[in-house]
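One structure is given here, and the rest of the page talks about it.
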Amino acid sequence: MPMFRFLSFLVFFLYLSNFITTEAANNGSNGNITIKWDVLSWTPDGYVGVVTIYNFQTNRSIRAPGWRLGWTWAKQEIIWAMTGGRATYQGDCSHFKGNIPHSCVKSPTIVDLMPGTPYNQQIEDCCRGGVLSPWSGHDQARSKSAFQISVGQEGTSDQTVKLPKNFTFKAPGDGYSCGPAKIVKPTRFITADKRRVTRAIMTWNVTCVYSGARKSPAQVGF
Ligand SMILES: *[C@@H]1O[C@H](CO)[C@@H](O)[C@H](O)[C@H]1NC(C)=O
Ligand SMILES: *[C@@H]1O[C@H](CO)[C@@H](O)[C@H](O)[C@H]1NC(C)=O
Ligand SMILES: *[C@@H]1O[C@H](CO)[C@@H](O)[C@H](O)[C@H]1NC(C)=O
Ligand SMILES: *[C@@H]1O[C@H](CO)[C@@H](O)[C@H](O)[C@H]1NC(C)=O
Ligand SMILES: *[C@@H]1O[C@H](CO)[C@@H](O)[C@H](O)[C@H]1NC(C)=O
């Protein structure tokens, strides 16, 4: 069956060339994923921060079941609470009494909440099931995702805050590699009435770039 052979060869070749062009376009020229981490206020043993994920890629969306963001804490940090997102594992919080942390895992993985999350568990730009549109001139809100995090066992000065390490960003079927967190100019926030500007205490950015298709396209469970 030469025709069949020819067709299967063609299909294989098309598959391969598609793979190669995808690989070739992965030097960040099509944009990146930027993770911005703002420390907003101190708490008795840490801080409250907002983490925002921007999909600056013009040609690539993050599809359902959505992004998964990971990092490794530099010290013994824990997550007291989260709004607009959640850690996939709580881990071993057995030495806490009374207030039980949201997660005690050394390398937590965070996922977005689903649409329809009760309002008191939402923040702006959360709760779209981790789906992000490509960056475009219009509707940039759909290209970003945010969650609030209350970090404990961290200390309460910019001298004691240690940047999380080894960030990972995972999307269904797509691989990304992330650089180290870098301290940047603190974000300025302008109130809705534009009459007051506030400033983050500390801000760091992480940039992740597309690194090709992932070996295991299926993301099942945790
Ligand atoms: C990245 O890739 C694009 C398209 O393949 C190319 O035009 C561009 O020059 C490359 N940039 C760098 C810095 O290699
Ligand atoms: C990531 O993309 C944004 C938006 O295009 C750009 O401003 C920024 O410089 C990029 N970051 C890096 C590290 O390339
Ligand atoms: C991005 O997508 C547009 C529209 O689909 C296409 O015309 C363009 O060639 C793509 N650019 C790259 C660098 O892949
Ligand atoms: C980060 O990853 C590197 C390379 O895999 C590893 O050597 C290092 O121990 C990791 N750091 C932490 C804090 O886990
Ligand atoms: C950090 O990321 C934010 C959001 O993309 C951006 O506005 C800011 O310019 C970045 N800072 C640096 C130094 O890249």
Side-chain angles (χ1 to χ4, degrees), residues 24-40 46-47 49-62 67-79 84-85 87-89 91-92 103-110 112 123-126 130 132-149 151-155 158 160-171 174-191 194 197-212 214-215:
N26 84 31
N27 59 10
S29 61
N30 281 342
N32 62 58
I33 302 273
T34 295
I35 296 141
K36 182 168 70 83
W37 191 308
D38 290 306
V39 175
L40 298 183
Y47 65 85
V50 167
V51 179
T52 312
I53 299 170
Y54 296 84
N55 180 15
F56 285 134
Q57 301 177 105
T58 48
N59 274 31
R60 203 177 294 278
S61 57
I62 308 298
W67 53 259
R68 300 161 74 82
L69 179 66
W71 61 80
T72 301
W73 291 117
K75 301 191 290 179
Q76 303 302 313
E77 292 90 337
I78 48 109
I79 301 173
T88 54
Y89 287 104
D92 180 7
S103 176
C104 302
V105 175
K106 178 82 176 164
S107 300
T109 297
I110 311 302
D112 196 7
I123 68 161
E124 195 179 349
D125 294 325
C126 85
L132 294 173
S133 305
W135 196 254
S136 69
H138 58 281
D139 202 15
Q140 292 182 343
R142 298 237 153 234
S143 308
K144 60 181 174 171
S145 203
F147 57 87
Q148 193 184 76
I149 186 169
V151 179
Q153 302 191 162
E154 177 70 288
D158 45 16
T160 57
V161 170
K162 289 278 176 289
L163 274 47
K165 296 189 189 326
N166 291 3
F167 277 84
T168 57
F169 183 86
K170 290 186 179 142
D174 291 336
Y176 287 87
S177 51
C178 300
K182 290 199 181 109
I183 293 176
V184 299
K185 238 174 81 192
T187 307
R188 288 153 57 89
F189 300 95
I190 302 166
T191 57
K194 297 192 167 59
V197 176
T198 59
R199 217 199 74 163
I201 295 171
M202 202 177 168
T203 301
W204 56 82
N205 279 6
V206 177
T207 306
C208 308
V209 294
Y210 179 72
S211 63
R214 282 213 296 154
K215 294 281 188 304

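When a ligand or atom number is given, it counts from 1 through the structure's own listing order.
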Margin query: Please tell me whether Asp38 and Thr203 have a donor and an acceptor in their side chains that are separated by less than 3.5 angstrom.
Written below: yes
Margin query: Using a 4.0 Å cutoff against the non-hydrogen atoms of Thr34, which atoms of ligand 5 qualify?
Written below: 2 (O), 5 (O)
Checklist line | Phe169 and Ile53, any side-chain heavy atoms less than 4.5 Å apart | finding: yes
Check: For atom 10 (C) of ligand 4, is the nearest protein heavy atom closer than 4.0 Å?
Finding: yes
Margin query: If you define the side chain from C-beta out and look only at heavy atoms, does anything of Trp204 sit under 4.5 Å from Pro164?
Written below: yes
Next item on the list: Under 4.0 Å from a heavy atom of Asn166: give me the atoms of ligand 4 that qualify, with their elements.
Entry: 1 (C), 2 (O), 3 (C), 8 (C), 10 (C), 11 (N), 12 (C), 14 (O)
Check: Could any protein non-hydrogen atom be found less than 4.0 Å from atom 2 (O) of ligand 5?
Finding: yes
Notebook entry, point to check: Picking from Ile110, Thr88, Ile62, what satisfies side chain to side chain contact (heavy atoms under 4.5 Å, CB included) with Arg68?
Noted result: Thr88
Next item on the list: Do me a favour and list the nearest non-hydrogen protein atom to atom 14 (O) of ligand 5 with residue, atom name and distance?
Entry: Asn205 ND2, 3.5 Å
Next item on the list: Report, in ascending order of atom number, the atoms of ligand 4 lying under 4.0 Å from any heavy atom of Lys165.
Entry: 13 (C)
Item checked: atom 4 (C) of ligand 5 - nearest protein heavy atom and its distance -> Tyr54 CE1, 3.5 Å
Next item on the list: If you have a sec, work out which protein heavy atom is nearest atom 13 (C) of ligand 5 and how many Å separate them, to one decimal?
Entry: Val184 CG1, 3.3 Å
